[in-house]
Engineer: 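Please read through the structure below; I'll follow up with questions.
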Amino acid sequence: MLYIGVDLGTSAVKLLLMDGEGKIHKIVSKEYPLYFPHPGWSEQKPKDWFAQSMAGIRELVSECDRSQVAGISFGGQMHGLVALDGEDRVIRPAILWNDGRTGEETDYLNQKIGQDKLSAYTANIAFAGFTAPKLLWMKKHEPENFAKISKIMLPKDYLAYCLSGSFCTDVSDASGMLLLDVKNRRWSGEMLEICGITEEQLPRLYESYEVVGTLKPEIAEELGLSASVKVIAGAGDNAAAAVGTGTVGDGMCNISLGTSGTIFISSKSFGVDKNNALHSFAHSDGHYHLMGCMLSAASCNKWWNEDILRTGDFAAEQAGITKLGENQVFYLPYLMGERSPHNNPDARAMFLGMSMDTTREDMTLAVLEGVVFGLRDSLEVAKSLGIQIERTKICGGGAKSPLWKKILANIMNLKVDVVESEEGPALGGAMLAAVGCGEYPDVETAAKKIVKVVDTVVPEPELAEKYEERYQKFKKIYPAVKGLF
């Protein structure tokens, strides 16, 4: 049988067709606009997601035996607020994960309600990108729209609703709303009351691998697929990427160098760090995970190359870089503010340490290093919890750069396992679909069968020591300049 994985990203939807053995038959990508109506705001139109997803699915299955398509599932950008009225019309453009407008609402939740209460209710504290602060912002600034809300959903769940008619979400994605009692995998009554919403406005909760419905007959006809094709709940993009890299079960790690950057640690037991610097979320394998998330990772490199250097040849910019561990230029990677571990939407990026002999290569290297230094901050929090990590998988666009992988291995001082397919959330979505359709009994079994490590980047002791010294300097920069933001 064949399975479709849909990665609903921030810049494009990526669709993948996989068979039961894990072989990838085809990959399709469709872009859509991103809107910035005010500084710090970030929005998209859900109808664009659906239109491009439908076009992508049609292209994806155009050359296969469509009768073999058994299921479809998702990995989706997290935290976005999609609100529908009583007639299923989208009330306003979706407010995205990297939107920074909710500073006041985040402060209200953390300071007035209190971080201790939030952590007790949801296992997390408020971050500007989370969904609950967005609801409070909408309630205050767009009360007419807030009053119209009949359904509240996350981006990938809008696709599932359009495809199947099922008003659903999964526990991994719901964990990032600040509305879920993560430990008990149910909606938090206290948080619903704080936000002024009811449980009827929220979707039904599923595990990521559970079937939520089948394709609507009219959708199936439009796609040329059977109406018996199962729609499986899917997962937040990072949890789906973790499935796609085999980061399931206990004590596994995955680092994603996508638009955002994450360090993701899977666990069979529930846990929360005392400062809530890391997110404590439900995992798509039925267990839990800790995650540190920085808002700008590969997007820093994209910005530097395309907007500043005005080039699309990223490899050429990295080709002349040689002096690893000796760069005197530092870069703070906070283009859109920062989540883990600083939780500061007002933080901004900066270069530090330039001199008359600083080169273009030094600046490019500083960007690559700065992103990894930022991820190292979250690794240090995990270490403080007694979590010992010796190796990590890697995915995301940045994982295609040999130089960046080498930098990551040595700054983190971890063995970096490269998997055969670096398709991340799209592959994870297809694997969840396969589990939901009974191809595999559980997510861990699917991961062991499908995910293959094809290379390992090992840290070099001398270089890792140089980067350790550099990191100790880097981690002093943010506290020193925090007052400027």
Side-chain angles (χ1 to χ4, degrees), residues 4 6 8 13 44-51 53-54 57 71-97 130-132 134-135 138 145-182 185-189 191-192 195-220 222-223 227-237 239-240 282 284 429 432-433 436:
I4 296 172
V6 181
L8 186 72
V13 61
Q44 280 178 328
K45 296 177 180 178
K47 68 177 184 179
D48 292 341
W49 301 332
F50 180 61
S53 295
M54 289 291 285
I57 294 171
I72 180 170
S73 191
F74 317 89
Q77 50 166 298
M78 298 177 68
H79 316 303
L81 173 60
V82 182
L84 273 59
D85 65 17
E87 297 182 8
D88 284 350
R89 294 175 299 202
V90 175
I91 295 170
R92 67 165 338 278
I95 307 176
L96 302 191
W97 60 274
F130 282 8
T131 317
K134 294 179 172 72
L135 284 165
M138 194 172 170
N145 283 338
F146 187 82
K148 295 177 186 175
I149 295 177
S150 175
K151 294 181 178 71
I152 296 163
M153 57 183 72
L154 293 157
K156 76 170 190 344
D157 303 324
Y158 177 77
L159 289 185
Y161 187 62
C162 291
L163 291 173
S164 70
S166 177
F167 182 35
C168 62
T169 192
D170 82 288
V171 289
S172 77
D173 212 357
S175 295
M177 297 179 79
L178 202 70
L179 298 172
L180 187 76
D181 174 354
V182 171
R185 293 167 123 83
R186 65 189 181 200
W187 296 119
S188 164
M191 288 306 301
L192 270 57
C195 293
I197 59 174
T198 66
E199 191 162 339
E200 288 69 35
Q201 292 171 293
L202 291 172
R204 180 179 172 184
L205 291 163
Y206 291 84
E207 293 294 334
S208 299
Y209 46 81
E210 289 185 321
V211 177
V212 301
T214 56
L215 290 179
K216 294 178 182 176
E218 63 272 24
I219 294 291
E222 186 176 344
L223 295 174
S228 64
V229 170
K230 292 181 173 67
V231 178
I232 287 83
D237 52 5
S284 49
L432 290 170

Engineer: Supply the atom-to-atom distance Leu432 CG to Glu210 CD, rounded to the nearest 0.5 angstrom.
Structural biologist: 11.5 Å
Engineer: Please determine whether side chain to side chain contact (heavy atoms under 4.5 Å, CB included) holds for the pair Asp237 and Trp97, giving the CA-CA distance in whole Å, both sets of side-chain angles, and the decisive distance to 0.1 Å.
Structural biologist: CA-CA 12 Å; Asp237 52 5; Trp97 60 274; over 6 Å; no
Engineer: Could you walk me through whether Ile149 and Leu84 pass the side chain to side chain contact (heavy atoms under 4.5 Å, CB included) test, one step at a time?
Structural biologist: CA-CA 6 Å; Ile149 295 177; Leu84 273 59; over 6 Å; no
Engineer: Indicate the atoms forming the closest heavy-atom contact of Tyr206 with Ser166, along with that distance.
Structural biologist: OH-OG, 4.4 Å
Engineer: Just verifying a value: how many Å separate Glu207 CD and Arg185 CZ, rounded to the nearest 0.5 Å?
Structural biologist: 4.0 Å
Engineer: Any idea which heavy atoms bring Thr214 and Ser228 closest together, and the distance?
Structural biologist: CG2-O, 3.9 Å
Engineer: Which atom names give the shortest non-hydrogen contact between Ile219 and Phe50, and what distance separates them?
Structural biologist: CD1-CZ, 3.8 Å
Engineer: Do you know which of Val231, Ile72, Leu8 makes side-chain contact (heavy atoms from CB on, under 4.5 Å) with Leu159?
Structural biologist: Leu8
Engineer: Rounded to the nearest 0.5 Å, what separation is found between the CD atom of Gln201 and the CG atom of Leu135?
Structural biologist: 8.5 Å
Engineer: If I take atom CZ from residue Arg204 and atom CG from residue Asp157, how far apart are they, to the nearest 0.5 angstrom?
Structural biologist: 13.5 Å
Engineer: Minimum heavy-atom separation for Tyr158 to Met153, with atom names?
Structural biologist: CA-SD, 3.4 Å
Engineer: Spell out, as yes or no, whether a donor-acceptor pair under 3.5 Å connects the side chain of Ser172 to the backbone of Ser284.
Structural biologist: no
Engineer: Looking at residues at least two apart in the chain, or sitting in another chain, which of them share a salt bridge (charged side-chain N to carboxylate O under 4.0 Å, His left out) with Asp48?
Structural biologist: none
Engineer: Run Leu179 and Ile197 through side chain to side chain contact (heavy atoms under 4.5 Å, CB included) and show every step you take.
Structural biologist: CA-CA 10 Å; Leu179 298 172; Ile197 59 174; 4.1 Å; yes
Engineer: State which residues pass side chain to side chain donor-acceptor pair (under 3.5 Å) with Glu87; sequence neighbours excluded, sorted by chain then number.
Structural biologist: Arg89
Engineer: Is there a donor-acceptor contact under 3.5 Å from the side chain of Trp187 to the main chain of Pro203?
Structural biologist: yes
Engineer: Work out which heavy atom in Gly236 is nearest to a heavy atom in Asp170; give both atom names and the distance.
Structural biologist: N-OD1, 4.0 Å
Engineer: Roughly how far, to the nearest 0.5 Å, is CG of Leu154 from CG of Leu81?
Structural biologist: 8.5 Å
Engineer: To the nearest 0.5 Å, what is the distance between CG on Leu178 and OG on Ser188?
Structural biologist: 8.5 Å
Engineer: Using side chain to side chain donor-acceptor pair (under 3.5 Å) as the criterion, list what pairs up with Ser150, not counting sequence neighbours.
Structural biologist: none
Engineer: Ignoring hydrogens and angles, tell me if any N or O in the side chain of Lys134 forms a donor-acceptor pair with the backbone of Leu96 under 3.5 Å.
Structural biologist: yes
Engineer: Taking the side chain as everything from C-beta on, heavy atoms only, tell me whether Trp49 gets closer than 4.5 Å to Gln44.
Structural biologist: yes
Engineer: Does any part of the side chain of Leu163, heavy atoms only, come nearer than 4.5 Å to the side chain of Met54, both counted from C-beta?
Structural biologist: yes
Engineer: Assess whether a salt bridge exists between Asp85 and Lys151, defined as any Lys/Arg side-chain N lying under 4.0 Å from an Asp/Glu carboxylate O.
Structural biologist: no
Engineer: Under 3.5 Å, side chain of His79 to main-chain N/O of Gly176, donor-acceptor pair present?
Structural biologist: yes
Engineer: Please name the residue in the list Ile232, Ile4, Val6 that meets the side-chain contact (heavy atoms from CB on, under 4.5 Å) test with Ser73.
Structural biologist: Ile232
Engineer: Dump the intermediate steps for side chain to side chain contact (heavy atoms under 4.5 Å, CB included) on Asp181 and Met191, then the final yes or no.
Structural biologist: CA-CA 9 Å; Asp181 174 354; Met191 288 306 301; over 6 Å; no
Engineer: For Asp173 versus Thr169, what's the shortest heavy-atom pair and its separation?
Structural biologist: CB-OG1, 4.2 Å
